[in-house]
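Working notes, beginning with the structure itself.
Computed from heavy atoms alone, side chains included, the values below leave out hydrogens, waters and symmetry copies.
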Amino acid sequence: MKVILSKDIPGGPGFGSDTSTFVVVTSPAGKSYRSRTVAGKVLYNKRGTLHLLVEGSPAYDIASGKMAFIPPLRTFSVNIGEDTTFYIYRLSMEHHFTESSIPLQWLYEAGTGAAGGGRVLHAHPKIADFFDLLAGYIEDGLSTHLLYLHKAQELLFLLRNYYTREDIGAFFAPLVDYDHEFSDFVLSNYRRHRTAQDLAEASCHSLSAFNKLFRKTFGCSPYSWIRKQRAHDIYYDLITTNTPVKEICTAHGFGSLSQFTNFCKRQFGVSPRRLRDSHGIYHGM
């Protein structure tokens, strides 16, 4: 599997990544690509066959030349049915959905769509050209945040002008159930408040109301998400920093190094030291 990333923002494929603006994946059949989202993402399948599974939604196939929208705050996986190349573009709600690009009102008029995962669209030839041009920019080293911020606006402009209002509303309909204020609170506070009860109290919700709002916004239970997020944060700290393992253990609230090691073995299949060794990271204790 060959993966090309936008180089201005760190991040990449695999466990928990969500920070790359634009990702190009070329893969033989039988492989899989797994990630999680904070912002929403447009996936365009240039060639081959993909099977997309988004947390909280039914799985579906994306044929060559088709596009799908992956809503924020979801874990998703792409299973490769045959040799393929696909692109993933990260979109920001606060920067990209405006009256001048695609008004959120269009989404509300189309109705809620999170449960159905939105609509797959055939990529207009101009949009296919758009993605190919971006891939060329990255291969030529033209990777700056400002470039991709403007290009995201261009993508939405193209969508607005080459598709009907109804198609666009249905395509991005999963955003209707996205509560930006609530998600910001959770993302800013889950490290300090490690249980659903603590987060509910901090947000001034009853536990039942918090659980209901959490599932609507994140597509899963608070317990499941907090456990996955904790594993993601630990994984990131282990493979991208030189912080001693003992300090990472303490920072994530483990009472002993043996508890931390057992957690890593359950989540990643190896000890913290082995995980670091496999990525070439210094493993001072």
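- Atom-to-atom distance recorded for Phe130:CZ and Phe157:CZ is 12.0 Å, nearest 0.5 angstrom.
- For the pair Ile127 and Leu155, the minimum side-chain heavy-atom distance is below 4.5 Å.
- When only modelled atom types and interatomic distance are considered, His205 and Asn211 share no side-chain donor-acceptor pair under 3.5 Å.
- Exactly one of Thr195, Asp233, Asp198 qualifies for a side chain to side chain donor-acceptor pair (under 3.5 Å) with Tyr190. That residue is Asp233.
- Rounded to the nearest 0.5 angstrom, Leu52 CG and Tyr60 OH are separated by 4.5 Å.
- Summarising the geometry, atom CG belonging to Asn161 is positioned 11.0 Å from atom CG belonging to Leu156; distances are rounded to the nearest 0.5 Å.
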From CA spacing to verdict: side-chain contact (heavy atoms from CB on, under 4.5 Å), Phe210, Phe182: CA-CA 10 Å; Phe210 178 84; Phe182 179 75; 3.6 Å; yes
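- Here the closest heavy-atom approach between residue Leu207 and residue Ala200 is recorded as CA-CB, 4.0 Å.
- No side-chain heavy atom of Phe69 sits less than 4.5 Å from a side-chain heavy atom of Val54.
- Minimum interatomic distance between Phe260 and Pro272 (heavy atoms only, all atoms of both residues): CE2-CG, 3.6 Å.
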side-chain contact (heavy atoms from CB on, under 4.5 Å) between Ile88 and Val42, worked out: CA-CA 6 Å; Ile88 298 178; Val42 174; over 6 Å; no
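- Residue Phe254 is grouped with residue Leu257 when hydrophobic side chains (ILVMFWY) are merged at heavy-atom distances under 4.5 angstrom, including chains of intermediate members.
- Leu43 is listed as a side-chain neighbour of Val78, based on a closest heavy-atom distance under 4.5 Å.
- Side-chain contact between Tyr235 and Leu275: present, with at least one pair of heavy atoms (C-beta onward) separated by less than 4.5 Å.
- With contacts defined as side-chain heavy-atom distances shorter than 4.5 Å, the pair Tyr33/Leu50 does not qualify.
- Cluster annotation: Tyr137 and Leu158 are assigned to the same hydrophobic cluster (Ile/Leu/Val/Met/Phe/Trp/Tyr, side-chain heavy-atom contacts under 4.5 Å, transitive).
- At least one side-chain heavy atom of Asn189 sits under 4.5 Å from a side-chain heavy atom of Leu199.
- Note that the CZ atom of Phe185 and the NE2 atom of His193 stand 6.0 Å from one another [nearest 0.5 Å].
- Ser27 and Ile80 make their closest contact through OG-CG1, 3.7 Å (heavy atoms, listed as atom of the first residue, atom of the second, distance).
- The shortest non-hydrogen separation linking Pro28 to Asp83 is CA-OD1, 3.2 Å.
- Between Tyr44 and Tyr87, the two ring planes are tilted [angle within 30° to 60°].
- Note on ring orientation: taking the six-membered ring where Trp is involved, the planes of Phe131 and Phe22 are parallel (angle under 30°, cut-offs 30° and 60°).
- The distance from atom CD1 of Ile226 to atom OG of Ser221, rounded to the nearest 0.5 Å, is 8.5 Å.
- Of all heavy-atom pairs spanning Asp167 and Tyr163, the tightest one is CB-CB, 4.2 Å.
- For the pair Arg230 and His252, the tightest heavy-atom approach, listed with the atom from each and the gap, is NH2-O, 2.7 Å.
- Under the 6.0 Å distance and 45° angle rule, Arg276 does not count as a cation-pi partner of Phe268.
- Ring geometry, Tyr162 versus His124: the interplanar angle falls under 30°, so the pair is classed parallel (tilted spans 30 to 60°).
- Side-chain heavy atoms closer than 4.5 Å link hydrophobic residues (I, L, V, M, F, W, Y) into clusters, and following such links, possibly through other members, connects Val186 to Leu213.
- A heavy-atom distance below 4.5 Å is found between the side chains of Leu133 and Lys151.
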Val23 vs Arg90, side-chain contact (heavy atoms from CB on, under 4.5 Å): CA-CA, chis, key distance, verdict: CA-CA 9 Å; Val23 180; Arg90 187 179 192 266; over 6 Å; no
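- Taking 4.5 Å as the limit, every side-chain heavy atom of Arg47 sits out of range of all side-chain heavy atoms of Phe86.
- The distance from the CD atom of Gln259 to the SG atom of Cys264 is 12.0 Å, given to the nearest 0.5 Å.
- Exactly one of Asp132, Thr84, Thr26 qualifies for a side chain to side chain donor-acceptor pair (under 3.5 Å) with Lys46. That residue is Asp132.
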